[in-house]
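Data block below; observations after.
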Amino acid sequence: MQRWSFFWLLVAKLAVAELDCDGVTCEVESIHLLQHAHTREVRKSKAPERPEALASPFAEVLVLSINEEKYKLSKAELKDQGIVAVSRVKGFNASRDSELSEALALLTEYGNANSLHHTVSNWMLCLHTSPGNPPNFGAANSEFWRNFFRSSPRNVSELLDRDQHNCVPKVVAIAAAHLRLWKELAEGKLQTKEVEEKDPWYLVMEEDVDLCPYWRQRMEKELPQAPADAEIIKLYFFGHWRKEDEVKVSVRNDSEPATVTPFLDARDPLRGFDLFKAASYEFLHGASWSSVPVAGFYAGTQAYLIRPSSARKLLKQIRGKPFQDIDMTMMLSANNYVWRRVLAQGRPENVDLLQDGATESHGSAARTATATAPQCNMEPPSDQFW
Ligand SMILES: *[C@@H]1O[C@H](CO)[C@@H](O)[C@H](O)[C@H]1NC(C)=O
Ligand SMILES: *[C@@H]1O[C@H](CO)[C@@H](O)[C@H](O)[C@H]1NC(C)=O
Ligand SMILES: *[C@@H]1O[C@H](CO)[C@@H](O)[C@H](O)[C@H]1NC(C)=O
């Protein structure tokens, strides 16, 4: 019952959104329901035999963290893998009013809090998920009806004011945390180590993420094949992907077949029609709402390589952009690529913890979604929609 009502609510709201958007891009781009329960086994990363024998492909690891204990765990795991240049970059704790205000102030400073992207609304943010975090359908439903006859919120403060289900603060805090990290990286404040390379890669990881087995050997071998214009390379993504985004090695002559590199070009993350098609397709084929893998393309900020020059570009490009999920803003503001076979994954402890809730409330949903979340070193599940 709930899934049908939700489907029509969605269609109705999209129709309303279309009327609202006076001549700007009025495509049905509005679906950004990041959904993935996550049941897979996450294997523990093993240290390569002689880690110190391999040169590090990046200068340092920056762990974005609000929880000291989780940071310590990350640091210990990285140390096991021979990586000692690790530092903690504090995120914003969305449950503390003072930190939430700071986060909002930072977004405001960059002009990102003054308007909202048309994929952002209170009910949409309640459907916000990532692997291991099921969406809150009850909250979304409630927010939807509470706001149905009201004008849409116009800025992030209004979004926060109207939030009755605690769906908004986390999204704001995560966006601001990455923004602050870019700012400090651009200003040279995070670098603790002298490196010879002029504009080296830094590995940014969220505190509940682990690297995959053999990541180091793979990174060593594969990173040199990354496109020269890469400004950000994600080690992990979820949501949809397109085969046509595979990056090919340029060929010298036409009779030589092009070889595919390990990378996908993460562009057009919100190409709307595709998303809508994907959602409707799965839905109409009997999946429940909770299993519909309605996500943007190449979603997530769990782990990515970034250079100080990329951070400076991001800071310039994001100015004045309407507020939306930071992964989407990031993709729309610099050249992003992703490893097709992921090199990082959510830490098992978190997965188990969150999964209990997910399995209870969504039953078989978790199984369906597993098929759509990339797993360590594996080809991502084929996206059946294109
Ligand atoms: C975030 O703040 C809340 C409220 O003060 C607190 O209960 C919680 O432990 C904090 N989380 C972390 C990870 O420090
Ligand atoms: C948000 O929008 C409301 C209504 O237009 C306005 O009163 C308020 O000042 C705005 N807040 C910010 C921080 O821009
Ligand atoms: C083009 O590639 C083919 C296959 O690798 C090779 O045999 C041929 O010599 C190449 N031709 C030129 C003009 O480079």
Side-chain angles (χ1 to χ4, degrees), residues 16-17 19-22 24 61-78 86-125 128 130 132-133 136 139 143 146-181 183 204-210 301-303 318-326 329 346-354 356-357:
V16 172
L19 296 177
D20 272 347
C21 53
D22 61 300
V24 201
V61 183
L62 307 171
V63 179
L64 202 49
S65 154
I66 53 169
N67 183 322
E68 175 102 45
E69 294 309 310
K70 285 191 182 172
Y71 167 69
K72 284 184 186 155
L73 206 56
S74 295
K75 193 175 159 90
E77 299 231 337
L78 287 162
V86 180
S87 37
R88 182 177 182 206
V89 180
K90 279 209 180 164
F92 296 98
N93 181 342
S95 313
R96 291 207 178 112
D97 288 345
S98 59
E99 294 191 30
L100 189 59
S101 309
E102 259 185 81
L104 181 57
L106 185 60
L107 292 172
T108 305
E109 183 190 326
Y110 279 84
N112 296 130
N114 314 334
S115 64
L116 303 179
H117 191 266
H118 65 270
T119 56
V120 174
S121 67
N122 287 83
W123 73 276
M124 283 280 196
L125 292 188
H128 200 130
S130 56
N133 271 307
N136 190 341
E143 292 283 357
R146 266 173 38 82
N147 290 295
F148 195 74
F149 294 108
R150 300 166 77 184
S151 62
S152 305
R154 278 156 293 191
N155 53 38
V156 178
S157 315
E158 283 192 7
L159 203 58
L160 283 164
D161 286 347
R162 290 199 194 177
D163 180 43
Q164 297 286 305
H165 296 88
N166 207 23
C167 299
V168 181
K170 203 176 160 198
V171 181
V172 170
I174 290 173
H178 285 275
L179 175 50
R180 183 162 69 181
L181 185 149
K183 190 170 178 230
V204 175
M205 287 175 70
E206 292 179 357
E207 63 185 356
D208 45 10
V209 171
D210 282 333
T301 46
Q302 284 84 351
I318 64 168
R319 275 203 185 272
K321 286 218 162 106
F323 179 77
Q324 67 172 324
D325 298 281
I326 195 66
T329 308
R347 187 170 299 146
E349 292 90 323
N350 300 298
V351 174
D352 293 343
L353 203 73
L354 293 161
D356 289 343

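Read the numbers this way: they start at 1 and go in the same order the structure lists the ligands and their atoms. Computed from a prediction, not measured in an experiment: that's the story for all the values here.
Without hydrogens or angle criteria, Arg180 side chain to Ala103 main chain gives no donor-acceptor distance under 3.5 Å. Checked by atom type and distance alone, the side chain of Asn114 never pairs as donor or acceptor with a backbone atom of Pro322 at under 3.5 Å. Glu99 places no side-chain N or O within donor-acceptor distance of the main-chain N or O of Phe92, the cut-off being under 3.5 Å. Proximity of a side-chain donor or acceptor of Glu158 to a complementary backbone N or O of Arg154 within less than 3.5 Å is detected.
With ligand atoms numbered from 1 in the order given, ligand 2 contributes 13 (C) to contacts under 4.0 Å with heavy atoms of Ser157. Ligand-side atoms of ligand 1 in range of Ile66: 12 (C), 13 (C), 14 (O), range being under 4.0 angstrom from any heavy atom.
In terms of polar-atom proximity, Asn155 is counted as a contact of ligand 2, with an N or O under 3.5 Å from an N or O of the ligand. Any N or O atom pair closer than 3.5 Å counts here, and Asn93 shares at least one such pair with ligand 1. Between Arg96 and ligand 1, an N or O atom pair is found at a separation short of 3.5 Å.
A side chain to side chain contact (heavy atoms under 4.5 Å, CB included) with Val168 holds for exactly one of Asp163, Val120, Leu100; it is Asp163.
Protein heavy atom in closest approach to atom 7 (O) of ligand 2: Glu158 OE2, 5.0 Å.
In this structure, a donor-acceptor pair under 3.5 Å is absent between the side chains of Arg88 and Ser74.
Atom 9 (O) of ligand 2 lies below 4.0 Å from none of the non-hydrogen atoms of the protein. Less than 4.0 angstrom separates atom 5 (O) of ligand 2 from at least one non-hydrogen atom of the protein.
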